[in-house]
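One-based numbering, in listed order, for ligands and for the atoms of each. Because the structure is a prediction, the values reported are computed rather than measured.
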Amino acid sequence: MVFTNKYRDLKDKIDSLYFLFWSNCIPVKGFQRSIVYDIFRGRYILTSNLFVDIYKEYSNYPIGKIKELTGHKYDRGIQKFYTFFVDNDYGIYTDMPETFPALSISHEMPYPITNALLDINTNDLKYDIFHVLEMLSDISVNAIEIRDYGNMNLNFIKQILNKTDKSSIEYIEIFTNYSKKNKKSSFFFLEKNNRIRNIFFYLSPYNDHIKFNEDNKANVVFSKKKIDYKNECGQITGLNFRVNNFLFTESCSYNNCLHKKISISSKGTFVNCPSLQQEFGNVNKMTSKDLLNIVNNNDFRKYWNISKDKIDVCKDCEYRYMCLDCRCFIKDPGNIYSQPAKCSYNPYICKWQGEEGYVPVEECGTYGKETGFVPDEIKIAKLNQKIWEE
Ligand code: SF4
Ligand code: SF4
């Protein structure tokens, strides 16, 4: 039986019950604290490492036995932990724990490539993007992002829609610069589209946002902002975190930016990411068979298996399965396991740059080419002590 009641209703029998997280609510430990990820409902809660350790070690025991096994040192804390997660619908009390097996976190996708990033300059085209879209559909690519350095006009957007109609490409995001010809009233052709999710026009004279009816997921955003794709790519901030099943399982085993990704640079060269130096030919004369051959090349896949658990510092970070990695801008370009350079979070003291008490990761340990980053527990304890005292 499952009990989702409040603790006060179960008080008399609580010690005979088991506490379990729902199988989609998964605790992930960081160096200093943990997060419970709800990968089906896209939410998360920060919590303490101590109680996550107790939960993991004693999940086969009823609550009363756990209190006994931990020497009754944490009885109140353990109960508070369980009550909090049951009240927030992250877990349950049950007398049948065997009926709640853990969720598989293996990440199997039948397609050779799942997403593509196409850089282009529509003011000075160097490759045939429509030929590329055809090839991508031939190999069942599902999502594309187009970053235009020019000013994409409506006709071009309509051609993209025509080309991808009935294709495998179901998710299209376009970033481009404002063009006077793209009047707000001209976007109603997107009403019937269900492939384009977002179009961003930068350097617009105004800020605006067009949304369509409820069934249509498209957004058209006009922004006065200037976009610098190269500098903005790989920026790690809490605003980019996403909690979902796909990202979680992919991040556990693979590189969550470059795995099953291809990119085309604005020159038309085939690359894993537009900021990586290694090029794999020009797309203009390629067929989908050539494209598959490149994708199957070990050199092309060299970053694909670098999961967050293998990356310096990230492996100690509680956000590691919701945070997109970057293998191009890294702190030590000579070490492919180095921490993303554009990360401003320090998981050893749980502070973002700009927050009171923040110090860079480098002050929390030592770095060596052979050893990678080695946290210094004494230094970290002192820093945390100072933060708590302030
Ligand atoms: S250390 Fe930074 S880049 Fe690494 S997982 Fe944490 S937030 Fe992301
Ligand atoms: S590896 Fe870095 S630069 Fe390349 S696409 Fe990913 S985030 Fe962007």
Side-chain angles (χ1 to χ4, degrees), residues 28-35 37 44 46 113-119 143-147 173 175 227-243 247-248 250-252 254-266 269-280 300-333 335-355 358-365 367 372-373 375 380:
V28 173
K29 264 187 78 180
F31 192 90
Q32 214 45 259
R33 62 182 176 185
S34 296
I35 288 181
Y37 290 58
Y44 67 92
L46 293 160
I113 292 293
T114 53
N115 67 103
L117 172 55
L118 313 180
D119 274 1
I144 61 166
E145 182 181 324
I146 301 175
R147 303 190 309 189
E173 209 166 22
F175 300 86
I227 183 91
D228 179 348
Y229 300 124
K230 207 165 179 176
N231 273 330
E232 301 218 355
C233 209
Q235 291 284 0
I236 314 272
T237 74
L239 295 175
N240 302 335
F241 289 167
R242 280 183 276 140
V243 177
L247 182 62
F248 187 91
E250 185 171 52
S251 309
C252 287
Y254 301 104
N255 188 268
N256 64 19
C257 181
L258 297 174
H259 175 237
K260 291 192 181 246
K261 181 196 203 99
I262 58 167
S263 301
I264 312 293
S265 75
S266 54
T269 47
F270 193 93
V271 281
N272 196 181
C273 138
S275 299
L276 288 168
Q277 298 301 322
Q278 196 171 8
E279 298 179 346
F280 294 82
F300 187 79
R301 294 171 171 229
K302 89 172 163 211
Y303 299 100
W304 285 19
N305 292 329
I306 304 181
S307 67
K308 285 275 186 186
D309 290 312
K310 294 179 182 155
I311 295 170
D312 259 359
V313 184
C314 297
K315 61 183 163 210
D316 292 328
C317 179
E318 64 278 17
Y319 292 118
R320 65 191 177 277
Y321 303 140
M322 65 173 89
C323 170
L324 283 177
D325 186 43
C326 176
R327 282 304 85 206
C328 183
F329 303 110
I330 52 180
K331 286 190 173 170
D332 178 358
N335 170 8
I336 57 169
Y337 299 101
S338 175
Q339 189 197 5
K342 298 184 191 176
C343 171
S344 53
Y345 181 63
N346 182 339
Y348 302 107
I349 53 168
C350 306
K351 294 271 178 206
W352 289 92
Q353 190 170 7
E355 282 185 314
Y358 171 86
V359 295
V361 157
E362 287 66 24
E363 290 187 29
C364 296
Y367 177 76
F373 184 79
I380 294 169

For Gly234, atoms of ligand 2 separated by under 4.0 Å from a heavy atom: 7 (S)
Which of the numbered atoms in ligand 1 are below 4.0 angstrom from a heavy atom of Cys343? 1 (S), 2 (Fe), 3 (S), 7 (S)
Verify whether the ring centers belonging to Tyr348 and Phe373 lie closer than 6.0 Å. yes
Salt bridge (Lys or Arg N to Asp or Glu O under 4.0 Å) for Glu250 and Lys260? Distances and angles first, verdict last. CA-CA 10 Å; Glu250 185 171 52; Lys260 291 192 181 246; over 6 Å; no
Nearest non-hydrogen protein atom, atom 6 (Fe) of ligand 1: Cys317 SG, 2.4 Å
Which atoms from ligand 2 have a heavy atom of Asp325 less than 4.0 Å away? 7 (S)
Check whether Asn256 reaches the backbone of Cys323 with its side chain - one donor and one acceptor, N or O, closer than 3.5 Å. yes
What protein heavy atom lies closest to atom 8 (Fe) of ligand 2? Include the residue and the distance to one decimal. Cys233 SG, 2.3 Å
Just say parallel, tilted or perpendicular for the rings of Tyr321 and Tyr37, cut-offs at 30° and 60°. tilted
Residue and atom name of the nearest protein heavy atom (relative to atom 4 (Fe) of ligand 2), distance in Å to one decimal: Cys273 SG, 2.3 Å
State the atoms of ligand 1, each with its element, that fall below the 4.0 Å cut-off from a heavy-atom position in Pro340. 3 (S)
Pull out every atom of ligand 2 sitting under 4.0 Å from any heavy atom of Arg327, numbered as shown with elements. 1 (S)
Is Tyr367 atom OH crowded by more than 12 heavy atoms from other residues, nucleotides or ligands, each under 6.0 Å away? yes
The answer for which part of Cys326 has a heavy atom under 4.0 Å from ligand 2 is both
Is atom 2 (Fe) of ligand 1 less than 2.8 Å from at least one N/O/S atom of Cys323? no
What atoms in ligand 2 come closer than 4.0 Å to a heavy atom of Cys257? 1 (S), 5 (S), 6 (Fe), 7 (S)
Ligand 2 versus Leu276: contacting region, heavy-atom distance under 4.0 Å: neither
Leu258 versus Arg327, closest heavy-atom pair with distance: CD1-CB, 3.8 Å
At a 4.0 Å threshold, what atoms of ligand 1 neighbour a non-hydrogen atom of Arg320? 5 (S)
Numbered in order shown, the ligand 1 atoms found under 4.0 Å of a heavy atom of Gln339 are 1 (S)
Name the orientation class of the two ring planes belonging to Phe270 and Phe300 (parallel below 30°, tilted from 30 to 60°, perpendicular beyond 60°). tilted
Can you classify the ring geometry of Trp352 versus Phe241 as parallel (below 30°), tilted (30 to 60°) or perpendicular (above 60°)? tilted
Shortest non-hydrogen contact from Lys331 to Ser338? N-OG, 3.3 Å
